[in-house]
Protein chains: 2
Amino acid sequence: MPSPGDPDDALALFEGFLKRKGLKTTAQRRTMVRRLLERTGHFTAVDVHEGLKDEGEPVSLATVYRTLGLLEEAGLLQGHDFDDGQRRYERAHTREHHEHVICLDCRAVVEFQSPEIEALQDQVLAQHGFRMVHHSLTMFASCETLRATGTCARREAERRAGAPRTPPRRT
Amino acid sequence: MPSPGDPDDALALFEGFLKRKGLKTTAQRRTMVRRLLERTGHFTAVDVHEGLKDEGEPVSLATVYRTLGLLEEAGLLQGHDFDDGQRRYERAHTREHHEHVICLDCRAVVEFQSPEIEALQDQVLAQHGFRMVHHSLTMFASCETLRATGTCARREAERRAGAPRTPPRRT
DNA sequence: ATAGGTGCAAAACCTTTGCGCTGAC
DNA sequence: GTCAGCGCAAAGGTTTTGCACCTAT
């Protein structure tokens, strides 16, 4: 069965989604599915727009925004808000769902998984009579704090590489 | 001892914070502390600006933004991002920390507490060598889903009243 | 043929900033 | 008297939209 983690199946899934909504498969949409699903880490609309331009397959920024929205709606991308004023996306279902730790000083993003937290969230929400569609748990820590504990977010993040990073916007 | 939950103590706390940073206590800052700490629910900068104007104590939007930032830094307000493009604030420490459920259709916000989730977050993060500064867990659900389970976010939210609500921005 | 899509430029939004004047300390 | 803060208007940055032309179905 098709899984969104496989680039080939991803395109098929997206085309099915489009067909169901009476929308069309265009060159730009195919390009974006192909390119985005080979990416790792988090990216903004502008990242995508510039990346595609550099790779010789330019897509207008307006279309990038429109298509990112569709891809999120189709469940191929997951959107996040890290409080820095830009929406960020990452591939969905590429691996187990994970939570994010943001360094308040350098804006590095560290990820980790916790099946226990997952399970507890579902369970508690169910107790309140809700069924979760998706969720976002972001924890904020400061470099100073991390340094004191011997683990710096910046160092962790650099070890991975690949995840785009932004300098802090405010003091 | 002063608690930020008490409006009188809140002003004292804020003045201490300002003094420590070499900043000044002004009429606008006092007004905002007084008015904001008698609010319930979540509010945006624009909500605050319009509210103060209506109450006959206008403060410019620029100052509202500047002061909200200070109040968050001082720990009197807690900021949230609900993915609707505007930063929202609420009083900090008014009651136990709580998580948010957002209705994807009507943007209603429902809150609930879960000491279990709290504890588990701290514990898991500690296992990874981090110390949490603060966190934000937002769960998204759709009205349709909620209706199917017999609990509608809109109905829950209306029962409370007081919390500012925004119509959905996108289709 | 007929929607829907694209690119461009303009608009919309939210938030921040520059600046001259005011006011707290 | 100084330095920070205020209001205003302008600038910034991100995302959305109107429109004329294009293209998948």
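All heavy atoms count here, side chains included; hydrogens, waters and symmetry mates do not. So that the names make sense, note that chain A is the first sequence line, chain B the second, and so on, each numbered from 1.
Look at CG on Leu52(A): it is 13 Å from P on dT6(C), rounded to the nearest Å. The CZ atom of Arg87(A) sits 16 Å away from the C1' atom of dC14(C) (whole-angstrom rounding). The separation between Arg30(A) atom CZ and dA24(D) atom P is 8 Å, rounded to whole Å. Between the NE2 atom of His49(B) and the C1' atom of dC14(C) there is a distance of 14 Å, rounded to whole Å. Rounded to whole Å, the distance from CG on Leu61(B) to C1' on dG18(C) is 16 Å. Rounded to whole Å, the distance from CD on Gln28(B) to C1' on dC6(D) is 6 Å. Taking atom CZ of Phe82(A) as the reference point, atom P of dT14(D) lies 16 Å away to the nearest angstrom. Between Leu18(B) atom CG and dG5(D) atom P the separation is 8 Å, expressed in whole Å.
Between Arg29(B) and dC6(D), a side-chain N or O to OP1/OP2 separation shorter than 4.0 Å is present. When the side-chain nitrogen and oxygen atoms of Thr63(A) are compared with OP1 and OP2 of dG7(C), one or more of them lie within a distance under 4.0 Å. One finds a side-chain N or O of Tyr65(B) lying less than 4.0 angstrom from the OP1 or OP2 phosphate oxygen of dT15(C). Taking 4.0 angstrom as the limit, Thr26(A) places none of its side-chain polar atoms (N or O) nearer than this to OP1 or OP2 of dT23(D).
In this structure, Glu55(A) does not pair ionically with Arg34(A), as no charged nitrogen and carboxylate oxygen lie closer than 4.0 Å.
DNA chain D is contacted by both Lys24(B) and Ala62(B); Lys24(B) maps to the nucleotide lying nearer its 5′ end (nearest heavy atom per residue). Nearest-nucleotide positions on DNA chain C place Leu70(A) closer to the 5' end than the other of Leu70(A) and Thr25(B).
If you check distances only, the side chain of Arg66(A) never reaches the base of dG4(C) with a donor-acceptor pair under 3.5 Å.
Rounding to the nearest 0.5 Å places CE of Met32(A) at 10.5 Å from NE2 of His49(A). With rounding to the nearest 0.5 angstrom, the CG atom of Leu23(A) is 12.5 Å from the CD atom of Glu15(A).
Among dT15(D), dC14(C), dG7(D), the nucleotide with an atom closest to any side-chain atom of Ala45(A) is dT15(D).
In summary, of the residues considered (Thr63(A), Thr67(A), Val59(A)), a side chain to side chain contact (heavy atoms under 4.5 Å, CB included) with Arg29(A) occurs for Thr67(A) alone.
Val46(B) comes within contact range of no nucleotide atom at all, as no heavy-atom separation falls under 4.0 Å.
No donor-acceptor distance shorter than 3.5 angstrom exists from the side chain of Arg88(B) to the backbone of His80(B), with no hydrogens or angles considered.
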